[in-house]
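Below is one structure, written out as structure tokens; the observations come after it.
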4 protein chains.
Amino acid sequence: MSPTPPRPRSGNRRDEAARDAVLHAADDLLAEKGFGALTIEAIAREAGVAKQTIYRWWPSKVEILLDTLVEDAERQLPVPTDKATAASIRTYLRKFARFVTHDAAGKVLLALLAEAQHDPETATRMHQRYLGPRRRQELELLKGAIDAGEIAPRLGPDAAMDALIGPIVYRALTGASIPRGFVDALVEDVLRPRTG
Amino acid sequence: MSPTPPRPRSGNRRDEAARDAVLHAADDLLAEKGFGALTIEAIAREAGVAKQTIYRWWPSKVEILLDTLVEDAERQLPVPTDKATAASIRTYLRKFARFVTHDAAGKVLLALLAEAQHDPETATRMHQRYLGPRRRQELELLKGAIDAGEIAPRLGPDAAMDALIGPIVYRALTGASIPRGFVDALVEDVLRPRTG
Amino acid sequence: MSPTPPRPRSGNRRDEAARDAVLHAADDLLAEKGFGALTIEAIAREAGVAKQTIYRWWPSKVEILLDTLVEDAERQLPVPTDKATAASIRTYLRKFARFVTHDAAGKVLLALLAEAQHDPETATRMHQRYLGPRRRQELELLKGAIDAGEIAPRLGPDAAMDALIGPIVYRALTGASIPRGFVDALVEDVLRPRTG
Amino acid sequence: MSPTPPRPRSGNRRDEAARDAVLHAADDLLAEKGFGALTIEAIAREAGVAKQTIYRWWPSKVEILLDTLVEDAERQLPVPTDKATAASIRTYLRKFARFVTHDAAGKVLLALLAEAQHDPETATRMHQRYLGPRRRQELELLKGAIDAGEIAPRLGPDAAMDALIGPIVYRALTGASIPRGFVDALVEDVLRPRTG
DNA sequence: TCTTAATCGAGACGGTACGTCGCGTCTTGCA
DNA sequence: TGCAAGACGCGACGTACCGTCTCGATTAAGA
């Protein structure tokens, strides 16, 4: 009765424990020692893993960080998909501000955004794996709210999104905190909500 | 690349020609090969200068870039100090957007902002030499305009400045262009000018 | 090189085809690419065999080479056991000279003699499986000829054997050819034959 | 009065202490741990030197060993050049036998002869830097003795030299000792001296 | 006939060494 | 004193093999 016993594993397969150890080691090193200490050798040492095991599965340390970022962001910072209200947007942005300033995974986002300035390949991958997909969901949300008459941004959806995300990210990049009311004022200014 | 023909030796005072050669080499390398190729050895090679000459005058390559950034920004992107009007703010932001997306010196700003995420020392120096002074001037401008009744931002001056600068920088960081009208809409939304 | 079409699996008993494939692959690699390319991974690749299959049956690549050497030497270079004459010794040495300079299997002998200088374990196994047994047969031959009054070496049998083999091997090791008459002169000088 | 003060050193020059440390480390490692432990990393570690310092001056570990061999052989095993007598040849060969069996530098010779079997480049360099020059001097010696009527080898000088050196080297290669009288008998057999 | 056990190809794993590059420090000789 | 030149100790890079291991498939022998 059990439909097609999955049997995905065959012969010699990937060691999931090693994968987790690498991702955690990368996260830990970034949080504790900073990006400068985030070398493949240090990750391998910290994870108790051979260097070759890392190179076998990840082409660069950027891809390791992208793995952790994508997983963490999906878990801790989902884009609301059901109710496209001004309130849900506000809540999402508040969570985003918290994520980017107080969460260890948020530091990964900033580090990758930074690395993308230094290396075009990183920029490309960053768009493919994080910025692109997330922005698509965010636009869905924004457009939904516009259609519902909840908000009436002066800017187009994409530009409006940057007008909201940009200030938050910029303050995080410059080490400034996000003051109480900052997000609310941004929403008020940029989205010009009709309700709540 | 360009194997600069040998400059005359200097004797016992600082060699200004060497200083210029280093700054230009750093700029050129960043523009042509990217931050990854911006090593002290490469700068020395490109500038036709001994490594020691660089270490004698700059503690790190970040400081070299800060030298070029401060000079270029002061020259090409001065903060208006005389007339604190909504229009002058708008003009300043338009120039800033152009600087950060189309000017080679703007790439230096982005690169330093990025490097500051990787290295706390860079973050500190960045504030001391660029972000801090510039922000002080920008606040002067904003406060002047508020006092003059030109604008009435919902946010405080510092937060408002980030709400204007942030979106521009964020779009530059993510490789997006600044669409026509973007800056104007930001000014309209965030500063709520009383006049055109 | 020749991507050997897949052999049929063997089941429960040792796969003789795999054994042959390994021995031939080792021989081929040594002849074509040199000892430097003679890695277990390369042998496995070339033979179309799993690495574990090699490690299951041979403790080291030296033992693989010893297998081929012992087989080849026994087939192509048997020590004459019936007639212990000066002439048969001369013939044996001529064949040995040819083996060691022009035969692919002779390269294996030189390679093993070389490897024995680098690794004591190889030296031990080399004596046990090749040098010892062969020398015993050679001494039989020499002693027989002495007893028959065919030859009257100034040196004892073992030393005399080295005085004959040594020059041949040394010229092979240093890449020198064996000139016509070289072996005959050696026999004349060292063994001082009474006949032939 | 001192004619042209040599002044060979200019600017930044080679560190002789590092050179010596590397040569000694290589020698020591070969003697104590064997060729298998003779890695560039181990030499650098043992010598307290950076790996790059080795690569800067030597293209391979073979060249390091050649440096030590050439120096040691010239010092400890000079080919007699003044008196080309049967006796001086005999003495030279006795010293050579001792060198190759009991001297640490002799192990270097064997190791290089071995490595030359594994790597053609080593073979070439070995001829250029050791085998060739030495053989030229040996031939000088032999020819002198022949012309003086001291010896009358059946073989030509080069072949005769191999008939003398070969057995000694071969016994060293196979771990056999050189028995008392071995060298004398070889000289007697191969060179057929006319005088004591 | 049906386990059972050994062998096979495949290849991931923790390691070590490779040869290269850039770091920041240093020393030398010239100007 | 500043400078070009460049050697030095250091440590990370990304690659190749090492020898061990585990997997599922294959096949002969014994229950």
**OP:** Answer yes or no: does a side-chain N or O of C/Arg14 lie under 4.0 Å from OP1 or OP2 of E/dC8?
**Re:** no
Original post:
Are side-chain heavy atoms of D/Lys107 and C/Gln117 found at a separation under 4.5 Å?
Top reply: no
Subject >> Listed nucleotide nearest any side-chain atom of C/Ile40, set E/dG22, F/dG19, E/dG19 >> reply: F/dG19
**OP:** Take B/Thr39 and A/Val49, find for each the nucleotide of DNA chain E with the closest heavy atom, and name the residue whose nucleotide sits nearer the 5' end.
**Re:** A/Val49
Original post:
Does D/Gln52 make a side-chain donor-acceptor contact with the base of F/dC10, cut-off 3.5 Å?
Top reply: no
**OP:** Quickly work out the A/Ile43 CD1 to F/dG14 C1' distance and round it to whole Å.
**Re:** 14 Å
Subject >> Separation of atom CG in A/Asp15 from atom P in F/dC21, rounded to whole Å >> reply: 15 Å
Original post:
Separation of B/Ile64 atom CD1 from E/dC23 atom P, in whole Å?
Top reply: 10 Å
Original post:
Given E/dG24, is OP1 or OP2 found less than 4.0 Å from the side-chain N or O atoms of B/Trp58?
Top reply: no
Original post:
Side-chain N or O of B/Trp57 less than 4.0 angstrom from OP1 or OP2 on F/dC3?
Top reply: yes
Original post:
Would the number of heavy atoms belonging to other residues, nucleotides or ligands and lying under 6.0 Å from NE2 of B/His24 be above 12?
Top reply: no
Original post:
Would you say the base of F/dG14 and the side-chain of A/Lys51 have a donor-acceptor pair closer than 3.5 Å?
Top reply: yes
**OP:** Can you tell me the distance, in whole Å, between the CZ atom of C/Arg45 and the C1' atom of F/dA16?
**Re:** 9 Å
**OP:** Using a 4.0 Å heavy-atom cut-off across all strands, classify C/Arg19 as base, sugar-phosphate, or nothing.
**Re:** nothing
**OP:** Give a yes/no answer on whether the side chain of B/Arg56 brings an N or O atom under 4.0 Å of OP1 or OP2 in F/dC3.
**Re:** yes
Original post:
Is the A/Phe35 ring parallel, tilted or perpendicular to the B/His118 ring (thresholds 30°, 60°)?
Top reply: parallel
Original post:
Does a nitrogen or oxygen in the side chain of A/Thr53 sit under 4.0 Å from OP1 or OP2 of E/dG14?
Top reply: yes
Subject >> Rounded distance in Å - CD1 (D/Ile54) to C1' (F/dG9) >> reply: 12 Å
Original post:
Could you give the NZ-to-P distance, from C/Lys33 to F/dA16, as a whole number of Å?
Top reply: 14 Å
Original post:
For B/Ala50 and D/Gly48, take the nucleotide of DNA chain F holding the closest heavy atom to each; which residue's nucleotide lies nearer the 5' end?
Top reply: B/Ala50
Original post:
Between E/dG22 atom C1' and B/Leu38 atom CG, what is the distance in whole Å?
Top reply: 12 Å
May I have the list of side-chain donor-acceptor pairs in residues 57-69 of chain C shorter than 3.5 Å, sequence neighbours left out?
residue: C/Trp58; atom: NE1; partner: C/Asp67; partner atom: OD2; Å: 3.0
residue: C/Ser60; atom: OG; partner: C/Val62; partner atom: N; Å: 3.3
residue: C/Ser60; atom: OG; partner: C/Glu63; partner atom: N; Å: 3.4
residue: C/Lys61; atom: NZ; partner: C/Leu38; partner atom: O; Å: 3.0
residue: C/Glu63; atom: OE1; partner: C/Arg125; partner atom: NE; Å: 3.3
residue: C/Glu63; atom: OE2; partner: C/Arg125; partner atom: NE; Å: 2.9
residue: C/Glu63; atom: OE2; partner: C/Arg125; partner atom: NH2; Å: 2.3
residue: C/Glu63; atom: OE2; partner: C/Arg129; partner atom: NH1; Å: 3.3
residue: C/Asp67; atom: OD1; partner: C/Arg129; partner atom: NH1; Å: 2.9
residue: C/Asp67; atom: OD1; partner: C/Arg129; partner atom: NH2; Å: 3.0
residue: C/Asp67; atom: OD2; partner: C/Arg19; partner atom: NH2; Å: 3.4
residue: C/Thr68; atom: OG1; partner: C/Leu65; partner atom: O; Å: 2.9

Original post:
To the nearest Å, how far apart are A/Tyr55 OH and F/dA12 P?
Top reply: 11 Å
Original post:
Between C/Leu109 and C/Tyr130, is any pair of side-chain heavy atoms under 4.5 Å apart?
Top reply: yes
**OP:** Compare the minimum distances between each of F/dC23, E/dT27, E/dG24 and the side chain of B/Glu41, then state the nucleotide with the smallest one.
**Re:** E/dG24
